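One structure is given here, and the rest of the page talks about it.
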2 protein chains.
Amino acid sequence: MSQKLFVSADEVAKRAGVSRSAVSRAFTPGASVSELTRRKVIEAAEELGYHVNQLARGLMRNESGIVCLIVSDVATPYRSALLRELTQQLQTAGKVAMLVNTDRSDGSVDRALQQAIRYRADASIILSGLPDKSITQLCLRSGQRLVLINRDDDQPGPLRINLDDTEAAHRVVTAFLRAGCQRLAFANSDAGTPSLMARERGFVAAAKTQGLDVTVERYGFTSYDSGKMLAQRMLTRTERPDAVFCATDLLACGFMDAARHQFSISIPEQLSIVGFDDIEQASWTSYQLTTFAQPVAVIAGEAVQWLSAEPSSENERTSKLLHPELVWRGSVRAG
Amino acid sequence: MSQKLFVSADEVAKRAGVSRSAVSRAFTPGASVSELTRRKVIEAAEELGYHVNQLARGLMRNESGIVCLIVSDVATPYRSALLRELTQQLQTAGKVAMLVNTDRSDGSVDRALQQAIRYRADASIILSGLPDKSITQLCLRSGQRLVLINRDDDQPGPLRINLDDTEAAHRVVTAFLRAGCQRLAFANSDAGTPSLMARERGFVAAAKTQGLDVTVERYGFTSYDSGKMLAQRMLTRTERPDAVFCATDLLACGFMDAARHQFSISIPEQLSIVGFDDIEQASWTSYQLTTFAQPVAVIAGEAVQWLSAEPSSENERTSKLLHPELVWRGSVRAG
DNA sequence: TCGCTCTTTGCAAGCGTGTGCAAATGCTGC
DNA sequence: GCAGCATTTGCACACGCTTGCAAAGAGCGA
């Protein structure tokens, strides 16, 4: 492929007039080297442009430093925000992120995890989909850490980070009631993702305890266009809802736009809307969407901390439940 | 760290009753193995959950299969769209993406490239910032391919993919003139990114040939908030512009929102706006922004194709100039 | 000077794989 | 049966690094 290739530790050793082990030790924090040789090595390395070969190091140490991020729909606001947080925190923890894109096809996540295994990733973080049990078993057996974010799974081993969707749903119901709304609706995608379904169930259940029925509509993936479509379905009914909880901010944005510009409904006067995720667009002047903020920084922090910690016998809980924060903006009628 | 660790080719060989070389060859396309042994090996591998160790393979083949994506502001719509395209196309080309986040600090890109070198990445694709010449030299000398996207650099070696910003700027001027606009303005961030500056210069120059002056304002990074700020600065002037070319869709969205909701200006009747990038939000009903679409799929395609091709002596041109497509929506007054 | 301890250094084995080379095997035609 | 050839197989070395181990050196008190 290429000619000269990378400079190796041998060349550095020769130039610095030391043994190859010395070079290795000079680049290993905490290794036994005198300050003098270390300096000689570093200098020679810089002159030659030497950088430790992490492939070889990983092979020996049996620890690649690679963490595999498995995710679909990377270009989506919420996903990309989480991605930013994860990559940044991984970097400061001395790890490096390997990004594997999945689609909705069968076995997509499994293939991604196999990629992670091939590269001997120290850990994999799964943001989308759910891998086959046999593969996760293989990962764990191989000594690979696993983190599931917002995936509803109960097998032990992986760290599971989840949001309290039910609590959130309850809070939306109270907010809507306090605003004097009566005809509640839930706008969902029909992707059937665990967290989306949890929000829906929680919302319906909470409304029921208040003696209210909820109109539920599901359509497409969780996107802006689906939001518009959902609005068209719900707002052409004879009994229009006056309060809609959208499973996702993206859905909410589409819903709002359709409601305003197609149905000339004014928000929040005639229609209260709450979303979920607190994507950047939710704060834009055109939307001012009241929504739940996913604590992406905390999520990433928990994940990174867990997977760079020593596997202390019981590593405490392998499951974390975080609480989204309700961000009040202008899309819910004042009480 | 972990106990049992990954299963190696030796174990597979033993189980399949063949030599270790046979295992290796069974997983090497085009290697000399009989169909029988290959099948035996594959079967044994599946039973044991064996996956080739890419670290070791990369070490031998001197080709890791890793491509390093160097980028800042991952969570930004345009960046994440490009990222999605790149990771997907890399995957189908049999490569794997390593994501390195940069910030605006000095040497951030250089550190990222060093990371790429450490992992012996086959190539690096730089979407943000510009590395020091010495580092790029080191990369090239080490046999690493380099792709610069929308970075204005003239040193030979890397593949440079650029957009024709000047042509785009010219087209905006004609569009504005045809719409009967007279007071032209350019809203830019003051990040000084090469492509942003090229758009500004092109716009000013094109206007000049028509005998028109352009009000130029620069502020902050290229974000929604900067767009709002720019609107506040430009629309409080005594002579308001009636046509603004925003260097970025994100700026344009902020600009539009401020114009409409703070200054009650109606678009496009009193103010025509054109953006750049064609991020997803540009097509949202609230914006309907006329803008230039970056051909992200083509960009990614060119990059991936180039870096997975054999280094055919002269690999043709090392510089590609692509032409953004003008997407007409509703933010420019009809002529 | 010696003997002791503590630090630093080099040697060499090994990590899991690819691959050149020679030996072995299978096949064909006589 | 055998020569002749193409295909398949195994051995052993290489890739660039880490690290246990033993040898070498440094420091120091007697």
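From a predicted model like this one, the values you see are computed outputs, not experimental measurements. Here is the naming used below: chain letters follow the sequence lines, and residue numbers restart at 1 for every chain.
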* To do: Measure centre to centre between the rings of B:Y50 and B:F6, then say whether the value is under 6.0 Å.
  => no
* Over how many whole Å does the gap from A:F6 atom CZ to D:dC17 atom P extend? -> 11 Å
* Structure fact -> Atom CG of A:L59 and atom P of D:dT19 are separated, to the nearest Å, by 12 Å
* Asked: Within the structure shown, what part of the strands sits under 4.0 Å from B:Y50 by heavy-atom distance: base, sugar-phosphate, or nothing?
  -> sugar-phosphate
* Structure fact -> Heavy-atom nearest pair, A:P194 first then A:N150, reads CG-O, 4.3 Å
* Asked: Do you know the tightest heavy-atom contact between A:I125 and A:A303?
  -> CD1-CB, 4.3 Å
* To do: Please tell me if the side chains of B:F27 and B:I42 come closer than 4.5 Å, counting only heavy atoms from C-beta onward.
  => yes
* To do: To the nearest Å, give me how far apart CZ (B:R57) and P (D:dG16) are.
  => 18 Å
* Determine the contact category for B:S24: base if any of its heavy atoms lies under 4.0 Å from a base atom, sugar-phosphate if only primed atoms, P, OP1 or OP2 are that close, otherwise nothing. => base
* d(CG, A:D10; P, D:dT18) in whole Å -> 12 Å
* To do: Give the first and the last nucleotide of DNA chain C, reading 5' to 3', that has any atom under 4.0 Å from a heavy atom of chain B.
  => C:dG16 to C:dG20
* Asked: Once you round it to whole Å, what is the distance between P of D:dT19 and CE of A:M60?
  -> 6 Å
Shorter than 3.5 Å, N or O on both sides, protein versus nucleotides 6-13 of chain D: list them out with atom names.
residue	atom	partner	partner atom	Å
D:dT9	OP1	B:S34	OG	3.2
D:dT9	OP1	B:T37	OG1	3.3
D:dT9	OP2	B:S34	N	3.2
D:dT9	OP2	B:T37	OG1	3.1
D:dG10	OP2	B:S19	N	3.0
D:dG10	OP2	B:S19	OG	2.9
D:dG10	N7	B:R25	NH2	2.8
D:dG10	O6	B:R25	NH2	2.9
D:dC11	N4	B:S21	OG	3.3

* To do: For B:Q144 and B:S124, work out which heavy atoms get closest and say how close.
  => OE1-OG, 3.2 Å
* State, with a plain yes or no, whether a side-chain heavy atom of A:T193 is found less than 4.5 Å away from one of A:R151. => yes
* To do: Would you mind reporting whether B:R120 and B:S142 have side-chain heavy atoms less than 4.5 Å apart?
  => no
* Taking all atoms of both residues into account, what is the closest heavy-atom pair of B:I161 and B:I299, and its distance? -> CD1-O, 3.6 Å
